[in-house]
Amino acid sequence: MINHVRVRYAPSPTGEPHLGNIRSALFNWLYARASGGQFIVRIEDTDRARLVEGAQDSILDALRWLGLDWDEGPGMEGEYGPYIQSERQALGIYQEHTDWLIENDFAYQCYCSPERLAAMRQAQQAASKSPGYDRHCRDLTEKERAEFLKQSPSPVVRFKMPTDGDIVIDDVVRGEVKFDSALLDDFVILKSDSFPTYHLANVVDDHLMKITHVMRAEEWLPSAPRHKKLYEAFGFAMPELVHLPIILGPDRSKLSKRHGATSVIYYRDQGYLSSAMLNFLAMMGWSLDDSSEILSREQLLTYFTLERIHASPAVFDKDKLEWYNGMYIRDMDPKTLSEQLIPYLEADVTGLPASVARPIDREYLTAIVPLERERLKRLSEAPEMFEFFFTDDLEYDQALLIQKGMDADGARAAAEQALAVAEAASDWSTDGLEVAYRALVEETGLKAGQLFGTIRTAISGRTATPPLFDMMSVLGRERVIARLQAAARAR
Ligand code: GLU
């Protein structure tokens with residue numbers, strides 16, 4: 001009976017935080033928080049060749065952005081630290097465990113040179129045999145060992161796997177999964193640089209950190225039989241295994257860079273909201289029922305259970321992410337959304353044109369937001385979408401002023417008449433403007449579509465905009481007048 005949940009997210013700092021990887025973090029976090037347990041972050045950096053500078057920070061940034069707080073981990077020292085494996089390695093933790101395995105005949109030193117291993121692999125391939133270490137050093141005599149050690153003073157250490165029989169794994173999502181021992185070789189647990197491999201460090205640390213559930217992506221399932229044998233050798237109780245479904249791209253091959261950006265940080269910078277990303281990631285491999293799609297953080301915490309995790313693959317659908325983002329954007333009040341937009345609008349190169357003075361007018365922005373919110377799918381779209389509200393030098397194709405059934409003179413005349421109404425208007429509210437301009441339609445005999453089309457382009461430079469009178473009201477009389485004047489002079 002497990003009475004206190006302790007789960008971990010154990011990223012290797014080998015690159016940007018991948019969507020699939022952060023999905024694992026989220027599921028662990030949800031389970032910890034939903035069950036009143038602990039969420040631990042452990043950095044698995046023992047593969048020194050694959051380390052990427054800055055990767056650890058970006059992974060932790062992604063967690064912070066999504067609000068996945070950890071109880072123990074980097075910067076949150078707890079009872080079972082340190083939480084970075086290279087620091088644990090320096091303390092001799094993995095060496096000690098390796099020594100114990102050797103002493104108890106569960107592991108052995110292997111002196112095989114890379115050349116020998118390469119030749120072995122080639123021979124296996126040529127003979128169509130399954131690949132894997134041929135156990136050359138498994139049963140050497142003491143004398144042979146001493147000899148070999150002289151020639152290769154920094155041997156690796158391998159774990160003795162059974163040579164036949166099945167290894168049965170019990171997975172919460174998948175049930176029983178059988179692995180044929182004949183296909184699993186004596187894998188390396190300690191490398192020649194004396195760093196442990198993933199398998200050893202992962203098992204030792206999950207045990208020492210009292211992890212109750214190992215929740216990770218399905219890609220790691222093939223490691224489970226190896227881990228099981230390690231647990232057995234040490235006499236450690238094995239945590240529950242929960243393998244999360246693989247994430248595929250829209251073409252149903254494994255999600256990779258070929259399908260577009262896979263880094264959570266990229267999506268953050270593109271203007272996806274963390275609330276939308278959280279909801280989207282939660283639905284990749286889990287669902288509440290057949291229909292619920294929008295689930296807030298609080299709802300996810302209420303409903304998340306391991307039983308609802310799927311075994312079938314999840315498909316990454318960028319349009320769906322965009323849809324989520326749009327939904328969350330529309331759900332935000334204008335003031336909060338404005339605040340989130342400011343960094344995008346005020347950004348140097350990607351923001352509003354340099355001619356727009358910074359800081360931008362907060363109140364004006366908050367008035368604009370309700371008009372554009374419906375169309376905004378990503379926060380990063382705001383500079384382009386909002387530009388015409390801010391810029392003094394509106395540039396556009398003046399031919400767009402001319403509506404169907406009109407000529408250039410007609411368009412200029414319409415702009416001039418619209419200008420006169422703007423100058424005279426006593427009520428600059430949406431409704432006031434509507435009344436004034438509908439009266440102008442009556443008076444001039446122009447079609448409403450024509451007149452409003454010309455005004456729309458004159459004040460925005462576009463043909464598709466928010467509702468005309470809302471837009472005029474927010475732009476303000478001064479800007480509208482200046483723009484109508486320019487349109488009346490258009491050549
Ligand atoms: N370090 C592994 C990774 O990068 C952890 C796998 C696991 O959770 O056991 O995903």
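Atoms within a ligand are numbered from 1 in the order they appear, just like the ligands themselves. Owing to the predicted nature of the structure, the values given are computational and were not obtained by experimental measurement.
- Tyr9 and Asn21 form a side-chain donor-acceptor contact under 3.5 Å, judged by distance and modelled atom types alone.
- Among protein heavy atoms, atom 7 (C) of ligand 1 sits closest to Arg216 CD, 3.4 Å.
- Within 6.0 Å of CG in Asp289 there are more than 12 heavy atoms belonging to other residues, nucleotides or ligands.
- Here the protein heavy atom with the shortest distance to atom 8 (O) of ligand 1 is Arg8 NH1, 2.7 Å.
- The nearest protein atom to atom 5 (C) of ligand 1, hydrogens excluded, is given as Ala10 O, 3.1 Å; this is a heavy-atom distance.
- The shortest distance between side-chain heavy atoms of Leu208 and Arg88 falls below 4.5 Å.
- Only the side chain of Asn202 comes within 4.0 Å of ligand 1, counting heavy atoms alone; its backbone N, CA, C and O stay farther away.
- The side chain of Trp220, and not its backbone, has at least one atom closer than 4.0 Å to an atom of ligand 1 (non-hydrogen atoms only; side chain from C-beta on).
- Applying the 6.0 Å contact sphere to NZ of Lys210 captures no more than 12 heavy atoms from other residues, nucleotides or ligands.
- Listed by number with element, the atoms of ligand 1 under 4.0 angstrom from any heavy atom of Glu44 are 1 (N), 2 (C), 5 (C).
- Taking both residues in full, the closest heavy atoms of Val242 and Ile309 are given as CG1-CD1, 3.9 Å, listed atom of the first, atom of the second, then distance.
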